[in-house]
Each structure stands twice: as structure tokens, then as C-alpha cells.
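By convention in this document, chain letters (A, B, ...) are assigned in the order of the sequence lines, proteins followed by strands, and residues within each chain are numbered from 1.
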Amino acid sequence: MTLTTFPLVAFAGLFPEGVAHYAAGGLFIGLGVAVIYLSTGIIAGASTFLETTLSYVSDLSRFNQAKYVASRDWRVLFTVGIVGGAAVYALAFGEFGWTTEVQWWRLLGGGFLVGVGTRVGKGCTSGHGVCGIGSLSETSFVNVATFMAIAIGTAQVVAALGVTP
Amino acid sequence: MSASDDERGLAFSLVILLGGLVFGFGLGLSQMAKPEIVLDFLQFEDFGLVFVMGGAAVVSGLTFFVATRYLDRAPLTGRGYTRRLKTMDRNVPVGGVIFGVGWGLSGICPGAAYASVGLGNVTILWAILGMFLGAYAQGFARSTRADGTDSAESVTSD
């Protein structure tokens, strides 16, 4: 009896909130990528928006490469869609107005490193993690394995230092 | 007809917006727009995020597989279907380390941060400010560092 129920108990321990909404959310994320890809051939990641949007306000040559200027308008639209889609979710499920308890300096400092790291490493969780893995790209496997291991280590160290949340 | 010419039409814009809406809805539903949930995952308290990234990668992977194999060209742009294959160099793991520290510290990544704004989470603007500052600092460093010598490796995306 104990032996047969053990795997289920262990599984529930790994997923205290269940897995249904996680998997369903993941399917929608993939579906969003698929809608754009099938219609336009474009593989849309989220973090290039940062650089292409900076081209509106900065003269730095880095941000004004032809491919950035050419894609900056639709990347703004894509981001507006992301904000809107999450708002639809929040309104439909009565979560609108939720705010994070994570401290501002963690968000600002972590965000800064995310901004640097995704640009240096050629992608983020959507670009490498979803689209790159979906493309079976070795480059993306290397990047994802790296950021996953480092993020786990960082989060555990920060928690061990007593920073909550 | 160049790709950028037909990327301004109404149908193109609607498709981008629709894709973004579905993508953002998924980020909300998956809870990834909440840094707390991401930090729970990174601290091994809830492994649900495996299903988020896994589910999304399977859907996009199947789409890429079918399109590159059986479909010809994208209807709205005339682009061919390709996979997302970036060149491998030292920047890939280095960027991964920097991103990993940032993600582990904040619990938020770019797409999830935009979605978090949609939840009404104004506090997340700290993270978005940080991301813009980081992207600017990286671009500034690269633009001023021996301008031109690294232009070949400076092609990033997503």
C-alpha cells in the first residue's frame, strides 16, 4: 500500500499547486509563438524589445542597426499584446491588481542583470528557453542549462541569507 | 518585396497583436508573471514551471517542425520558415550566467515582466526599469568598445 502510493505522494510534493494551470499556460505561450510564426515566419522573443525600443530614444549605433529599427514597431505591438493578454487573464480570473511582495531592489538589480545577460547571451526564457529549445538548438541548450543552474543557485543563496521575499 | 515593406500591413499588425495576447494570457495563466512563483520553482518548492516551459517548447517545437518540413512560405510576409538557431560562442554561456543571477535574484524575465504589468502589478516596473538600464548599459559598452571590431558578433535577437 505504502509502496504503491509513494510515487503519487512524491509527485504531489513536487507540485503542491497541481500541474494543470502550469501546463495550460505553457500551451498558450507556445500557441502565441505559433500564431505569429505560421502567419509571418517570425520567431518572436520577448527581450529584443528592450534594445529595439531604446532605438526610439537613443542615437547609439548599437540600437539603430537596420534589423532593430525595422522590427521595433511590431515588437512594441507584441509587447502591448502581452500586457493585454495578461490583463484579460487577470480580469477573467479575478486577479487584477495583484502586486508582488518581492523587494524593489531585487527587482531593479535583478532586472538590470537580466537586461545585460539576455543581450550578451542572445536571448531569454522565451527566445532560448521556448523557441530555441523548440528548435533543438545546441546554442540554446547551453544557454538555458547555464541560466537555469545559476538562477537556482542564486535564488537558494539569497533565500539562505534570509532575504524574503 | 523586402520583408520590412509588408510588415506594416493591417493583417500583419493584427497577427502580432493576437500572438502577443495569447502569449501574455499564457504567462498570466501559468503564474510565471508572478516573481514569487518563479522563486518557488528556483528554490525547489514547486516544480510546476517545468510544465510551463516544457509545454510551450513542445508546442513551438512541433510548429517549427511541421512548418519547416511541410509548409512553403509565410502568407503575410513571404518569409521562409526557419528554426531559431543562434551561433555558439563565448557570449552564450557568459550571458546565461549574467541572466541567471538576475533571474534568480528577481524571479522575473522579460516576457513575464511585461505580462506582470497586465496583472496591474505596478511594483514590477522596477524590474522593467532595470532591464532597460541593463540593455542600455550593455549596448553603450558595446558601442564604445572599439567601435566596429565586434560588429560581426553583435547580432543578437529575441
Suppose we call two aromatic rings close when their centres sit under 6.0 Å apart. Are B/Phe64 and A/Tyr37 close by that rule? yes
So, for A/Tyr22 and B/Phe47, is the gap between ring centers shorter than 6.0 Å? no
Using a cut-off of under 4.5 Å for heavy-atom pairs, which of [options] has the most such pairs with chain B?
options                               : value
A/Gly41, A/Ala90, A/Ala155            : A/Ala155
A/Val158, A/Leu136, A/Val35, A/Leu108 : A/Leu108
A/Leu113, A/Val142, A/Val102          : A/Leu113
A/Phe93, A/Phe96, A/Trp98             : A/Trp98

Drop me the distance from A/Thr79's OG1 to B/Phe23's CZ, to the nearest 0.5 angstrom. 9.5 Å
Working to the nearest 0.5 Å, report the span between CZ of B/Phe99 and CE of A/Met148. 8.5 Å
Go through the atoms of [X] and report whether side chain, backbone, both or neither lie under 4.5 Å from a heavy atom of chain B.
X        : result
A/Asp73  : neither
A/Ser140 : side chain
A/Glu138 : neither
A/Ser58  : side chain
A/Phe78  : both

Do any N or O atoms from the side chain of A/Gln156 and from the backbone of B/Leu42 form a donor-acceptor pair under 3.5 angstrom? yes
Determine yes or no for a side-chain-to-main-chain donor-acceptor pair under 3.5 angstrom, with B/Ser60 supplying the side chain and A/Val130 the backbone. yes
